[in-house]
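Numbers restart at 1 for each chain; the letters A, B, ... are given by sequence-line order, proteins then strands.
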Amino acid sequence: MTVPADTDSPPGDAPDPGPVPQLEIPYRYEPSASAAGLHRDHDGLEAGQETDIEVTVAGRVMFRRDQGKVAFATLTDPTGSVQLFARKNTTAGFDDFVRTSLGDWVGARGRVMKTRMGELSVEVTDWVLLAEARRSFGDKWNGVSDVETRFRQREVDLWANEGTRATLLLRSRAVSFLRRRLEDRGFVEVETPLLHPIPGGALAKPFVTHHNALDVDLYLRIAPELYLKRLVIGGFEKVFEIGRVFRNEGISPRHNPEFTMLELYQAYADHTDIMALVEDLVSSLALHLLGTTTLTYQGRDLDLSPPWERRTMASLVSGALGTDLDVHTPPAVLAGHYRDVTGEDAPEAWGTGKLLQELYEKTAESGLWGPVFVVGFPAEVSPLARRDRGDPDLAERFEAIVAGRELCNAFSELVDPDDQRSRFLAQAAAHAAGDEEAMVLDEDYLRAMEHGLPPTGGLGIGIDRLVMLLADVANIREVIAFPTLRPER
RNA sequence: GCGCCUCUAGCUCAACGGCAGAGCAACGGACUCUUAAUCCGCAGGUUUCGGGUUCGAAUCCCGAGGGGCGCACCA
């Protein structure tokens with residue numbers, strides 16, 4: 001409903017006090033029925049049939065069709081839409097009813113009926129304005145499609161585009177399901193610090209902030225990993241955390257600076273146990289939310305039913321390059337392939353492990369669709385993972401590639417504090433040499449490890465990407481309510 | 001960070017070197033069963049911003065800003 005323009009603005013430089021508060025807006029309203037509930041209970045009515053059932057409904061006016069002394073409005077709530085039917089001689093406030101704006105929130109009371117045309121309706125006896133939409137939110141037919149508006153003013157997008165509501169609801173249900181599934185399996189949800197004195201647990205550039213009272217720089221966490229493993233050391237055998245992590249890196253359709261990670265750790269388990277867990281979590285999630293484990297992502301089929309294929313990194317690289325390579329191949333040979341593939345010389349500091357991984361990422365990874373577990377990661381690029389029981393140059397680590405991109409990262413956790421120290425030192429050397437993403441030595445964590453970390457399997461899953469998969473959307477912003485954007489100026 | 005594309009009314013879009021338009025929304029009116037209701041009327045713009053070329057610029061050029069996509073980085 002539009003308020004008449006204030007034509008009596010104060011003279012001179014006195015600031016405009018603005019409109020008088022809308023005292024007539026009620027402080028509460030109690031809907032007795034939802035749109036979906038009304039359809040569920042009354043869709044069986046005959047066209048033209050009236051009932052004595054009085055209900056109250058509330059929501060937003062999305063369409064209005066006036067016809068002189070009778071008017072129809074489409075009222076939308078989170079469950080769907082139901083029609084309001086008002087007539088001049090039976091609806092209190094009819095004249096104001098036909099002046100409501102599209103987007104106004106209203107509460108209406110009336111009896112359930114079906115119009116002659118067979119549309120389930122609430123025949124309004126009285127109604128109340130619950131909020132005024134001073135700004136229109138788009139074309140009633142085309143909605144709002146401007147990408148910038150959609151992500152900057154998500155409240156508009158949510159009302160204008162049903163798909164947005166569906167996607168964010170799907171996300172909520174996915175997180176809820178994963179929580180339940182993990183709790184059913186005996187996992188305990190915990191919370192660990194977001195502010196880290198030393199950024200750790202992943203290879204990424206952190207955001208830096210400052211604590212005034214302590215006068216220390218702190219980092220927004222890039223991963224909860226190390227704290228979660230300290231909880232395992234402290235006796236929590238199965239822990240998980242679902243929370244935000246922050247990485248000070250580029251923004252892209254697949255990257256938001258803050259994103260949600262599920263990490264879990266299970267004592268006495270190794271990476272093969274975690275693989276089975278991933279298969280179960282992801283396939284059961286799809287089954288729960290979509291009713292099937294075979295889905296389509298961006299026009300391409302994807303079958304999430306277990307078991308998923310296993311491939312070693314060495315075999316993938318060998319296949320892509322047409323020659324047998326692995327982590328024991330002389331570095332000069334790997335560097336030669338790197339030059340052939342990229343046209344550039346590999347940095348001197350790279351060992352065979354780093355070279356092999358780079359070759360994998362440059363040649364084989366983009367061709368994978370999955371789901372597939374890539375195993376056989378070099379130990380050199382896996383500073384927190386335990387060495388392979390059969391080959392100390394490899395780590396018992398895997399990534400799941402699903403729909404062509406990395407969905408999770410997991411390993412048998414490194415449990416030897418001496419080995420961990422030497423891995424940290426290697427990372428610290430790389431950091432000192434200019435690799436901003438290399439880890440720094442974390443004495444707190446090493447001290448914790450010296451108290452004894454049992455054999456443990458660990459997992460990190462990017463929730464945003466998982467939801468992208470299920471919602472079949474190509475941009476990570478679709479699954480984040482308020483994605484990071486450059487501020488408007 | 002680099003490259004390409006893009007920005008016109010509240011929304012969705014035309015006009016692509018020659019008077020800046022339509023539909024929807026808004027505003028006024030008609031209509032007692034509509035479904036994007038219909039009909040009549042009215043209003044709405046520094047064409048993102050700043051320069052330049054031109055008799056003339058929304059249109060061509062340069063720069064800035066926002067956004068998109070790709071690359072780089074990463075999950």
Using a strict threshold of under 4.0 Å (side-chain N to carboxylate O), is an ion pair present between K114(A) and E50(A)? no

Starting from the 5' end of RNA chain B, give me the residue, E406(A) or D66(A), whose nearest nucleotide shows up first. D66(A)

P gap between U54(B) and C49(B), integer Å: 23 Å

Under 4.0 angstrom, heavy atoms only, what part of the nucleic acid is R116(A) near: base, sugar-phosphate, or nothing? base

With side chain to side chain donor-acceptor pair (under 3.5 Å) as the test, would you mind laying out the steps for D77(A) and S34(A) before giving the verdict? CA-CA 7 Å; D77(A) 71 15; S34(A) 66; 4.9 Å; no

Whole-Å C1' distance, G21(B) and A15(B): 7 Å

Distance check needed: C2(B) C1' versus I251(A) CD1, whole Å only. 16 Å

Between G17(B) and C69(B) - C1' atom distance, rounded Å: 30 Å

With heavy atoms under 4.0 Å as the rule, sort N409(A) into base, sugar-phosphate or nothing. nothing

Taking atom C1' in both C13(B) and A25(B), what distance in whole Å separates the two? 14 Å

May I ask you to verify if any side-chain N or O of S145(A) is less than 4.0 angstrom from the OP1 or OP2 atom of C13(B)? yes

Calculate, to the nearest 0.5 Å, the distance between atoms CG and OG belonging to N475(A) and S252(A) respectively. 8.0 Å

Quick check on A25(B): is either OP1 or OP2 less than 4.0 Å from any side-chain nitrogen or oxygen of K140(A)? yes

Are Q266(A) and D273(A) linked by a side-chain donor-acceptor pair shorter than 3.5 Å? no

Is there a donor N/O on one and an acceptor N/O on the other, under 3.5 Å, for the side chain of Q83(A) and the base of U34(B)? yes

Taking NZ, NE, NH1 and NH2 as the nitrogens, is one of them in K88(A) or D95(A) under 4.0 Å from a carboxylate oxygen of the other? yes

Value in whole Å for how far the C1' atom of C71(B) lies from NZ of K362(A): 11 Å

Check the side chains of T456(A) and R386(A) for a donor-acceptor pair under 3.5 angstrom, ignoring hydrogens and angles. no

Ring geometry between Y360(A) and F377(A) (parallel below 30°, tilted from 30 to 60°, perpendicular above 60°): perpendicular

d(CG, D146(A); C1', A9(B)) in whole Å: 14 Å

Please report the distance separating the P of G44(B) from the corresponding atom of A9(B), rounded so that it comes out in whole Å. 15 Å

Tell me the interatomic distance from E132(A), atom CD, to A26(B), atom P, rounded to whole angstroms. 13 Å

Quick check on G67(B): is either OP1 or OP2 less than 4.0 Å from any side-chain nitrogen or oxygen of R486(A)? yes

Residue L102(A), side-chain atoms from C-beta onward, closest of G66(B), U34(B), A26(B): A26(B)

Please determine whether a side-chain nitrogen of the Lys or Arg among R181(A) and E189(A) lies less than 4.0 Å from a carboxylate oxygen of the Asp or Glu. no

Whole-Å distance separating the CG atom of N475(A) from the C1' atom of G67(B): 12 Å

Does anything in residues 34-62 of chain A come within less than 4.0 Å of RNA chain B? Heavy atoms only, and list the residues if so. none

Expressed as a whole number of Å, how far does the C1' atom of C73(B) sit from that of A36(B)? 46 Å

Hey, does the side-chain of T115(A) have a donor or acceptor N/O within less than 3.5 Å of a partner on the base of U34(B)? yes

Measuring only the P atom in each nucleotide, how far is A22(B) from C39(B)? A whole number of Å is fine. 16 Å

Base, sugar-phosphate or nothing for N248(A)? Non-hydrogen atoms, less than 4.0 Å. nothing

Side chain of R87(A) only, heavy atoms from C-beta on: which candidate in U35(B), U32(B), C31(B) is closest? U32(B)

For side-chain contact (heavy atoms from CB on, under 4.5 Å), just list the numbers for F373(A) and E279(A), CA-CA rounded to whole Å, side-chain angles, deciding distance to a tenth of an Å, and then say yes or no. CA-CA 10 Å; F373(A) 289 120; E279(A) 285 172 340; 3.5 Å; yes

Need one value for G143(A): base, sugar-phosphate or nothing, where a base atom within 4.0 Å counts as base even if backbone is also close, heavy atoms only. sugar-phosphate

Per nearest nucleotide of RNA chain B, the residue lying toward the 5' end, E258(A) or G118(A), is G118(A)

Any N142(A) side-chain nitrogen or oxygen under 4.0 Å from OP1 or OP2 of A25(B): no

So for Q67(A) and U32(B), does any side-chain atom that can act as donor or acceptor lie under 3.5 Å from a complementary atom in the base? no

Indicate yes or no: does R339(A) engage E344(A) in a salt bridge with an N to O separation below 4.0 Å. no

D464(A) and R254(A) ion-paired at < 4.0 Å: no

In whole Å, what is the span from the CG atom of L84(A) to the P atom of U32(B)? 20 Å

Does U34(B) have OP1 or OP2 under 4.0 Å away from a side-chain N or O of R65(A)? no

By the 4.0 Å heavy-atom rule, please label G462(A) as base, sugar-phosphate, or nothing. nothing

Nearest to the side chain of R152(A), which nucleotide is it out of C73(B), U34(B), G67(B)? G67(B)

Please work out if F259(A) contacts a base, only the sugar-phosphate, or nothing of the nucleic acid, heavy-atom cut-off 4.0 Å. base

Looking at every strand, decide which applies to F151(A) at a 4.0 Å heavy-atom threshold: base, sugar-phosphate, or nothing. nothing

Select base, sugar-phosphate, or nothing to describe what R150(A) touches, counting heavy atoms under 4.0 Å on all strands. nothing

Under a plain distance cut-off of 3.5 Å, with no hydrogens placed, do R65(A) and Q83(A) share a side-chain donor-acceptor pair? yes

For RNA chain B, which ranges pair as stems of 3 or more consecutive Watson-Crick or G-U pairs, with both donor-acceptor distances under 3.5 Å? B:1-7 with B:65-71, B:10-13 with B:21-24, B:27-30 with B:38-41, B:48-52 with B:60-64

Consider only side-chain N and O atoms of E241(A) and T192(A), and report whether a donor and an acceptor are under 3.5 Å apart. yes

Just checking N89(A): base, sugar-phosphate only, or nothing, at a heavy-atom cut-off of under 4.0 Å? base

Given atom CH2 of W141(A) and atom P of U12(B), what is their separation to the nearest angstrom? 16 Å

Less than 4.0 angstrom between a side-chain N/O of R135(A) and OP1 or OP2 of G10(B), yes or no? no

Base G10(B) to side chain D139(A), donor-acceptor N/O within 3.5 Å cut-off: no

Take atom C1' in G10(B) and the same atom in G45(B), then report the distance between them in whole Å. 12 Å

To the nearest angstrom, how far is I222(A) atom CD1 from C73(B) atom C1'? 14 Å

